[in-house]
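Order of the sequence lines fixes the chain letters, A, B, ..., with proteins taken first and strands second; residue numbering starts at 1 for each chain.
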2 protein chains.
Amino acid sequence: MRDALNNELLRSYANINKAYFQLLKIDAERMGITVVQLKTMYRISAHPNTGLGELAEILRLTKSTVSGVIDRLVHQGLVERTIQSTDRRAINLKLTEKGQKTLKQLFEGKSIVSEKTHEIMNMRKEDINKLLSLNNQILSILTAREDIY
Amino acid sequence: MRDALNNELLRSYANINKAYFQLLKIDAERMGITVVQLKTMYRISAHPNTGLGELAEILRLTKSTVSGVIDRLVHQGLVERTIQSTDRRAINLKLTEKGQKTLKQLFEGKSIVSEKTHEIMNMRKEDINKLLSLNNQILSILTAREDIY
DNA sequence: GGTAAAATATTCGTATACGAACTATCGTGG
DNA sequence: CCACGATAGTTCGTATACGAATATTTTACC
């Protein structure tokens, strides 16, 4: 159990995520939104008229979390939530004009996280592929189902 | 900017962290605590009489976050907070007997996350070393300071 | 020795994040 | 046609997570 709590490799994954989040935060705050709001708006723009459940899956968050995030985005006038005409349980989500403008400005601006991502992807191809492969192997181990649960 | 938001490699890091967190959660909840509380108690047991600032650094969280986590652990009777005699601004943290017992039971029990961590560390040594090396390279890129900030 | 700066931790406001419970609606089977 | 199970999303309670502001204490400097 200690080795699970004090593992250098697993710590490195946490550190990378934290660093990446901080870089995204710089861009997001430039536009007056949060990182999660930025990711959400980006996914909505890539999948117009998506529902909340689908969006939650894409963002890998629970529906209750996404419901709250959407609430705040609607309140800021960045996202529009409409009831689906064919199924009144469901909603459709899209960016408002203001939301599209915000995202556009974000993509046009100079972005530290973009530069760093490029720098990462400009590492040796075989190293990137090795990383992807090994990361997926680790993910498989971590998510493998067992009857012992 | 899009590539920063839709990058398969960076997504894999997020997925690994999420999966690892879920496994830790199973053990933590068996003991009636949360993952962050478990990590905090583990670090306090490894560094008895640590202060809040030092603990925040070890956990890679802000002092305000750790202050709240400690509040809840003290309230559950798992951690003890005392004022340092030599510096009344500072506090000393240690596990109570109940806290030590909880951690002991956790370490003795059968642990999914422990097994998976072992399975990961039993991957080919050269692959693990390669991963560590590449992860640290990526972390360096992400955290490199620039005058452009 | 007194004052200002620095250090330590806490509190506050806000945003996530989850699981459980709930509400409203749709689909299915008898 | 109706009752029930399933689905979609919302709300609630609780725990984090952060940055800013605050309070208290210590340290440094003149």
Side-chain angles (χ1 to χ4, degrees), chain A residues 14 17-26 28-29 31-41 43-44 49-76 78-93, chain B residues 14 17-26 28-29 31-41 43-44 49-76 78-93:
Chain A
N17 270 290
K18 201 147 194 147
Y20 169 62
F21 184 96
Q22 292 303 329
L23 293 178
L24 273 178
K25 201 178 173 206
I26 295 171
E29 284 181 351
M31 294 291 113
I33 58 178
T34 69
V35 170
V36 177
Q37 289 170 350
L38 165 56
K39 286 180 177 178
T40 302
M41 286 172 67
R43 294 296 176 185
I44 290 176
N49 287 320
T50 189
L52 190 129
E54 185 191 354
L55 186 59
E57 278 189 43
I58 293 166
L59 293 166
R60 283 172 168 68
L61 297 170
T62 65
K63 287 192 286 185
S64 59
T65 297
V66 179
S67 186
V69 174
I70 292 299
D71 265 354
R72 286 181 285 279
L73 284 170
V74 167
H75 196 261
Q76 285 179 296
L78 298 170
V79 160
E80 179 187 350
R81 181 210 256 116
T82 56
I83 312 290
Q84 199 172 116
S85 52
T86 57
D87 185 339
R88 292 205 308 282
R89 293 172 298 181
I91 60 176
N92 279 347
L93 298 161
Chain B
N17 271 290
K18 200 146 197 150
Y20 169 62
F21 184 96
Q22 292 302 328
L23 293 177
L24 273 179
K25 200 179 174 201
I26 295 171
E29 284 179 353
M31 293 292 114
I33 58 179
T34 68
V35 170
V36 177
Q37 290 171 351
L38 165 55
K39 286 180 175 178
T40 303
M41 286 173 67
R43 294 297 177 186
I44 290 177
N49 287 321
T50 189
L52 189 129
E54 185 191 354
L55 185 59
E57 277 188 44
I58 294 166
L59 292 166
R60 284 174 168 67
L61 297 169
T62 65
K63 287 192 285 187
S64 58
T65 298
V66 179
S67 187
V69 175
I70 291 299
D71 265 355
R72 287 181 285 279
L73 284 170
V74 167
H75 196 263
Q76 284 180 294
L78 298 170
V79 160
E80 178 185 351
R81 181 211 256 113
T82 55
I83 311 291
Q84 198 174 117
S85 52
T86 58
D87 185 338
R88 292 200 308 283
R89 295 171 300 179
I91 59 173
N92 279 347
L93 298 162

| said: From CD of B:Gln76 over to P of D:dT14, roughly how many Å is that when rounded to an integer? | reply: 13 Å
| message | Categorize A:Gln37 for me: base, sugar-phosphate, or nothing, with a 4.0 angstrom heavy-atom threshold over every strand shown. | response | sugar-phosphate
| task | Report which part of the nucleic acid A:Thr65 touches: base, sugar-phosphate, or nothing (heavy-atom distance under 4.0 Å, all strands). | result | base
| task | Answer yes or no: does a side-chain N or O of A:Arg72 lie under 4.0 Å from OP1 or OP2 of C:dT16? | result | yes
| task | Send over the distance from B:Leu73 CG to D:dA15 P, rounded to a whole Å. | result | 10 Å
| Side chain of A:Arg88 - closest among C:dT10, D:dG9, C:dT25 | C:dT25
| request: Would you kindly give the CD-to-C1' distance between B:Glu29 and C:dA20, to the nearest whole Å? | output: 13 Å
| task | Measure from the side-chain heavy atoms of A:Arg89 and tell me the nearest of C:dT25, D:dT16, D:dG9. | result | C:dT25
| message | Given D:dT10, C:dA9, C:dT16, identify the nucleotide with an atom nearest to the side chain of A:Leu52. | response | D:dT10
| query | Across the strands shown, which category fits B:Gly53 at heavy-atom distances under 4.0 angstrom: base, sugar-phosphate, nothing? | reply | sugar-phosphate
| Nearest-angstrom distance from the residue atom CG of A:Leu61 to P of D:dG9 | 15 Å
| field | Gap between atom CG of B:Leu55 and atom CD1 of B:Ile44 - 0.5 Å precision | value | 5.0 Å
| remark: Ranking B:Gly68 and A:Thr62 by the position along DNA chain C of their nearest nucleotide, the one closer to 5' is B:Gly68
| query | What nucleic acid atoms does A:Lys39 come within less than 4.0 Å of, heavy atoms only: base, sugar-phosphate, or nothing? | reply | nothing
| message | If you assign each of A:Lys63 and B:Val36 to its closest nucleotide in DNA chain D, which residue comes earlier from the 5' end? | response | A:Lys63
| said: Which is more 5' along DNA chain C, the nucleotide nearest B:Val66 or the one nearest B:Gln22? Just name the residue. | reply: B:Val66
| Is A:Ser64 touching bases, backbone alone, or none of the nucleic acid, heavy atoms closer than 4.0 Å? | base
| task | Using only side-chain N and O atoms of A:Arg81, determine if any of them is under 4.0 Å from OP1 or OP2 of D:dT10. | result | yes
